[in-house]
Amino acid sequence: MSESRFIKKVYQLLLTQHGHQSWWPANSKFEVMVGAILTQNTAWTNVEKAIHNLISAGMLDAHSIAKAKQEKVATLIKPSGYFNVKTKRLQKFCEWFVIRGGHKRLRYWSTKKLREELLEVYGVGYETADDILLYAFLRPIFVIDAYTRRIFSRLGYIEGNVPYDVVRLDFESKLSTNAKLYAEYHALIVQHGKHVCKPKPNCDACSLNSICKFN
DNA sequence: ACCCAGGGTCATA
DNA sequence: TATGACCATGGG
């Protein structure tokens, strides 16, 4: 089958196995952005604790985080790990977010310009930028993460060291340009990566066996 | 005790 | 361009 059909088939199989995911788990656009930074190489359960601390302190907004003392933010986000570097990343991001007028203004920017500026913010790399673009700004950008690489490497679809944007553009070229589709697809990939396609794979419980090139 | 988690930056070659 | 060190908590 064509690569386009293959990518779409994987989506259908994952949706059948795991069901609708309704991502990103957050109560606001800004909470999505904070979560995207705090979850870098970190378990989501730890991020939830950090976000809860920010909410309890009444600090889950860009102004509060940007002008707070470094020590204050670091204490609150400690459970999410790397708290010193992540404090700097969060504050740099919030400074940029405030200067640009917040979501109210940024929502009118082109996806291209928004992505370029996000990537210039300290601590925001490709995946974090794309999480924000897709789940906070609803832009049709396909997120590539470690789970995506692991799952599609094991299926025999991609090699290990292909650059981020090469993989992203490949997926985008083989699906309709649809933010809702990308959002659901990435959520399904994470769900599958967490519970089935783990470092030690659980291939008996994998619905993708029928299309795996190594079977 | 060890491995892993919804990455990114920086120095080095 | 491409490696490697570094960042740090918490669950299994």
Side-chain angles (χ1 to χ4, degrees), chain A residues 10-11 14 18 20-27 29-54 56 70-97 115-137 139 141-154 158-168 171 179 182-202 205:
Chain A
V10 170
Y11 175 80
L14 290 178
H18 301 291
H20 181 56
Q21 299 297 306
S22 61
W23 254 34
W24 183 292
N27 293 315
K29 310 275 188 193
F30 185 69
E31 189 177 328
V32 171
M33 304 182 210
V34 171
I37 291 171
L38 294 184
T39 199
Q40 291 168 356
N41 201 42
T42 299
W44 183 252
T45 50
N46 287 7
V47 178
E48 289 181 315
K49 295 170 185 170
I51 290 179
H52 178 264
N53 287 344
L54 289 169
S56 296
Q70 187 269 340
E71 296 81 8
K72 175 67 176 177
V73 178
T75 300
L76 294 171
I77 70 168
K78 188 175 254 181
S80 67
Y82 304 131
F83 52 84
N84 286 315
V85 287
K86 282 180 179 173
T87 292
K88 182 177 176 184
R89 291 174 188 184
L90 256 190
Q91 292 193 296
K92 289 294 184 183
F93 172 79
C94 288
E95 286 173 20
W96 170 82
F97 191 70
R115 190 169 195 261
E116 285 173 355
E117 281 220 4
L118 280 168
L119 289 174
E120 287 177 12
V121 176
Y122 176 84
V124 177
Y126 292 113
E127 189 184 333
T128 305
D130 291 348
D131 278 336
I132 292 171
L133 287 166
L134 179 58
Y135 292 104
F137 289 93
R139 305 304 173 92
I141 296 288
F142 198 95
V143 177
I144 306 300
D145 67 344
Y147 289 135
T148 312
R149 290 180 183 276
R150 184 197 295 165
I151 291 169
F152 284 89
S153 293
R154 291 203 178 138
I158 55 178
E159 306 291 325
N161 280 353
V162 183
Y164 184 96
D165 268 347
V166 174
V167 180
R168 178 178 68 84
F171 274 80
Y182 295 174
E184 182 66 37
Y185 204 154
H186 178 64
L188 287 166
I189 285 170
V190 173
Q191 184 70 8
H192 195 70
K194 277 183 177 176
H195 300 289
V196 181
C197 195
K198 301 190 277 195
K200 295 191 175 185
N202 208 352

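Below, chain A is the first sequence line, B the second, and so on; all start at residue 1. Hydrogens, waters and symmetry mates are skipped; everything else that's a heavy atom, side chains included, is used.
- Distance check on atom P: B/dG8 versus C/dG10 gives 22 Å, rounded to whole Å.
- In this structure, A/Ser80 and A/Pro163 both approach DNA chain C, and ranking their closest nucleotides by distance from the 5' end singles out A/Pro163.
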Walk me through it: do A/Tyr185 and A/Leu14 pass the test side-chain contact (heavy atoms from CB on, under 4.5 Å)? CA-CA 8 Å; A/Tyr185 204 154; A/Leu14 290 178; 4.2 Å; yes

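- Counting all heavy atoms, side chain and backbone alike, A/Ala50 lies closest to A/Leu38 at CB-CD1, 3.9 Å.
- Of all nucleotides listed (B/dC10, C/dG11, C/dC7), C/dC7 comes nearest to the side chain of A/Val85.
- Looking at heavy-atom distances under 4.0 Å, A/Lys49 makes contact with sugar-phosphate atoms alone, never a base.
- Nearer the 5' end of DNA chain B, as judged by each residue's closest nucleotide, is the contact made by A/Pro25, out of A/Val121 and A/Pro25.
- Distance, A/Tyr82 OH to B/dC10 P: 16 Å, rounded to whole Å.
- Note: NZ (A/Lys194) to P (B/dA5) measures 11 Å, nearest angstrom.
- Using a 30° and 60° split on the angle between ring planes, A/Phe93 and A/Trp96 fall in the tilted class, from 30° to 60°.
- Scanning all heavy atoms of the two residues, the minimum distance from A/Ser22 to A/Glu184 falls at N-OE1, 3.9 Å.
- The nearest whole Å value for the distance from the CD1 atom in A/Ile144 to the C1' atom in B/dG8 is 17 Å.
- A/Arg149 has no side-chain polar atom (N or O) that falls below the 4.0 Å cut-off from OP1 or OP2 of B/dG7.
- Regarding A/Lys78, its NZ atom lies at a distance of 8 Å from the P atom of C/dG10, rounded to whole Å.
- Using a 4.0 Å heavy-atom criterion, one finds that A/Asn84 contacts the sugar-phosphate atoms exclusively.
- Among the protein residues, A/Val124 comes within range of the sugar-phosphate backbone only, with heavy atoms under 4.0 Å from sugar or phosphate atoms but none that close to a base.
- Among B/dG7, C/dT3, C/dT9, the nucleotide with an atom closest to any side-chain atom of A/Asn161 is C/dT3.
- Considering only the side chain of A/Tyr122, B/dC10 comes nearest among B/dG8, C/dA8, B/dC10.
- Atom CG of A/Leu38 and atom P of C/dA8 are 13 Å apart (whole Å).
- Between the P atom of B/dG7 and the NZ atom of A/Lys88 lies a distance of 21 Å, rounded to the nearest Å.
- Using modelled atom types, one finds a donor on one side chain and an acceptor on the other under 3.5 Å when comparing A/Asp145 with A/Thr148.
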Taking Watson-Crick (N1-N3 plus N6-O4 or O6-N4) and G-U wobble (N1-O2, O6-N3), each under 3.5 Å, can you produce the dot-bracket string of DNA chain B? Use [ ] for crossing pairs and | for inter-strand ones. .||||.|||||||

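- When every heavy atom of A/Thr39 is checked against every heavy atom of A/Trp44, the shortest pair comes out as OG1-CE3, 3.6 Å.
- Close to C/dG10, at under 4.0 Å from its OP1 or OP2, lies no side-chain N or O of A/Thr42.
- The CD-P distance, from A/Gln40 to B/dT9, rounds to 8 Å in whole Å.
- Each of A/Gly123 and A/Asp145 has a nearest nucleotide on DNA chain B; the 5'-most of these lies closest to A/Asp145.
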If you apply the rule side-chain contact (heavy atoms from CB on, under 4.5 Å), what do you find for A/Tyr122 with A/Gln91, and how did you get there? CA-CA 9 Å; A/Tyr122 176 84; A/Gln91 292 193 296; over 6 Å; no

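- In terms of heavy-atom proximity, A/Arg154 sits nearest to A/Lys198 at NH1-O, 2.7 Å.
- When each of A/Tyr11, A/Phe142, A/Trp23 is tested with A/His186 by the rule ring-ring contact (aromatic ring centres under 6.0 Å, His included), just one qualifies, namely A/Trp23.
- Between A/Lys92 and B/dT9 there is no side-chain polar atom (N or O) within less than 4.0 angstrom of OP1 or OP2.
- Set against B/dA5, C/dG10, B/dG7, the side chain of A/Pro199 has B/dA5 as its closest nucleotide.
- Of the candidate nucleotides B/dA5, C/dA8, C/dT9, C/dT9 has the atom lying nearest to any side-chain atom of A/Asn46.
- Taking every side-chain heavy atom of A/Arg89 into account, B/dT9 is the closest of B/dT9, C/dA8, B/dA5.
- A straight line from CG of A/Leu119 to P of B/dG7 spans 16 Å, rounded to a whole angstrom.
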